[in-house]
Amino acid sequence: MTKLKLIALALALAPATAFATDGPGFAFTGGYGSLEGGGNPLVGVPLEMPGPLATIDSDDSDSVWSLSASWFINKHWAVELWTSQGAEHHVHIDPEFAPDIRVAEYSTAPVSLMAQYHFGGMGRFTPFVGAGWHWTNVSGVRTNVAYDEVTGLKLSSDNGFAAVAGLDYAIADGWFARGDVRWMDSSMDVTTLSNPMSRTVKSDKTYYGVSIGYRF
């Protein structure tokens with residue numbers, strides 16, 4: 001155990017080798033994380049409730065795979081394209097003392113383009129921040145046919161400001177591990193057959209993830 005601790009300490013204190021180049025280059029990552037947020041598109045819809053204690057809830061967190069590709073202009077500045085698989089969202093009625101009743105479900109898949117600044121001088125650790133724009137596609141909208149109030153439910157795709165903060169840890173020979181948090185300012189327009197007037201629902205999203213990458 002002591003030997004393992006010494007090895008781990010030596011690796012942490014050793015000079016970084018994965019980000020040795022100061023010139024232009026590329027980096028790719030593949031990761032896994034939690035995409036959270038999305039709001040409740042049925043807020044304000046007059047659904048028939050099964051009892052006085054029933055409420056409308058939404059499951060707006062899902063585990064997703066992610067990919068990114070970055071072009072490093074120099075040691076510090078990079079342009080990154082990032083995306084994740086679609087996250088599944090469910091809106092249901094919670095009757096309090098009975099199983100939930102699913103009313104609607106849909107999927108959201110974000111893509112973002114950001115400018116990033118990567119800090120230096122911290123050995124194997126490289127913190128970074130970035131800002132840019134995201135495009136989020138909404139698809140797979142399905143509703144419970146027992147509820148006429150949500151028949152013809154349509155949810156719009158969206159785009160808006162996006163930001164990221166993260167930390168890279170150089171492993172060796174160009175390989176690195178990454179942890180990052182991403183936030184996307186988002187909203188969606190909601191319509192149904194019974195209420196064709198569009199209304200806007202706030203649907204900001206946050207991604208918490210880890211990944212493995214390679215820079216060259």
Side-chain angles (χ1 to χ4, degrees), residues 29 31-49 54-68 80-95 100-116 129-166 178-211:
T29 69
Y32 191 72
S34 176
L35 185 61
E36 303 181 359
N40 185 347
L42 300 186
V43 170
V45 175
L47 292 172
E48 182 179 350
M49 294 296 188
T55 57
I56 301 176
D57 295 328
S58 60
D59 296 328
D60 53 10
S61 175
D62 195 15
S63 297
V64 296
W65 295 99
S66 67
L67 294 171
S68 78
E80 180 205 57
L81 181 66
W82 176 90
T83 187
S84 80
Q85 72 176 117
E88 297 296 325
H89 304 267
H90 309 284
V91 182
H92 60 268
I93 294 175
D94 181 1
D100 292 347
I101 303 170
R102 185 167 297 184
V103 180
E105 55 188 74
Y106 60 99
S107 176
T108 60
V111 176
S112 67
L113 183 64
M114 296 193 194
Q116 294 180 345
V129 294
W133 207 254
H134 81 90
W135 297 262
T136 297
N137 181 59
V138 178
S139 62
V141 179
R142 298 175 294 277
T143 59
N144 188 332
V145 295
Y147 287 84
D148 294 336
E149 302 94 328
V150 295
T151 299
L153 177 66
K154 292 184 178 180
L155 308 176
S156 69
S157 297
D158 187 46
N159 62 86
F161 178 76
V164 62
R178 168 173 293 180
D180 56 1
V181 179
R182 299 170 183 270
W183 176 78
M184 290 157 272
D185 178 36
S186 185
S187 60
M188 55 185 170
D189 296 330
V190 182
T191 61
T192 60
L193 285 181
S194 60
N195 187 8
M197 294 295 293
S198 176
R199 57 189 179 85
T200 301
V201 175
K202 196 65 175 170
S203 56
D204 294 352
K205 297 173 183 63
T206 305
Y207 172 84
Y208 305 91
V210 293
S211 57

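Any value given below was found using the heavy atoms of this structure, including those in side chains, with hydrogens, waters and symmetry copies removed. Starting from 1, each residue takes its place in the sequence as its number.
- Atoms CG and OG1, from L35 and T136 in turn, are 8.0 Å apart once rounded to the nearest 0.5 Å.
- A heavy-atom distance below 4.5 Å is not found between the side chains of R182 and H134.
- Of the possible polar contacts, one joining the S157 side chain to the V138 backbone as a donor-acceptor pair under 3.5 Å is found.
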Could you list the donor-acceptor pairs under 3.5 angstrom formed by side chains in residues 58-67, with sequence neighbours left out?
residue, atom, partner, partner atom, Å
S61, OG, S34, OG, 3.3
D62, OD2, E88, N, 2.9
S66, OG, Y207, OH, 3.1

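- Under the 3.5 Å distance criterion, the side-chain polar atoms of D158 are matched with a main-chain donor or acceptor of S187.
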N/O donor-acceptor pairs under 3.5 Å from side chains in residues 145-156, not counting sequence neighbours:
residue, atom, partner, partner atom, Å
E149, OE2, E48, N, 3.2
T151, OG1, D148, O, 3.2
S156, OG, D189, N, 2.7

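- For H89, the ring pair (Phe, Tyr, Trp, His ring centres under 6.0 Å) partners two or more places apart in sequence, or in a different chain, are Y106.
- Among all heavy-atom pairs drawn from A104 and L42, the shortest one is CB-CD1, 4.2 Å.
- Atom-to-atom distance recorded for D100:CG and T55:OG1 is 8.5 Å, nearest 0.5 angstrom.
- Put simply, the side chain of V91 reaches to within 4.5 Å of the side chain of I56, judged on heavy atoms.
- Across T83 and P110, no two heavy atoms sit closer than the pair OG1-O, 3.0 Å.
- Side-chain contact between V201 and N40 is absent, with no heavy-atom pair separated by less than 4.5 Å.
- Side-chain contact check for Y208 versus E36: some heavy-atom pair is nearer than 4.5 Å.
- Residues A162 and M184 come closest through the heavy atom pair CB-CG, 4.0 Å.
- Within the 3.5 Å criterion, the main-chain N or O of R102 finds a donor-acceptor partner in the side chain of N144.
- The nearest pair of heavy atoms linking E80 to S68 is OE2-CB, 3.8 Å.
- Taking all atoms of both residues into account, the shortest heavy-atom contact from G38 to S203 is O-CB, 3.0 Å.
- Among all heavy-atom pairs drawn from P41 and M188, the shortest one is CB-CE, 3.8 Å.
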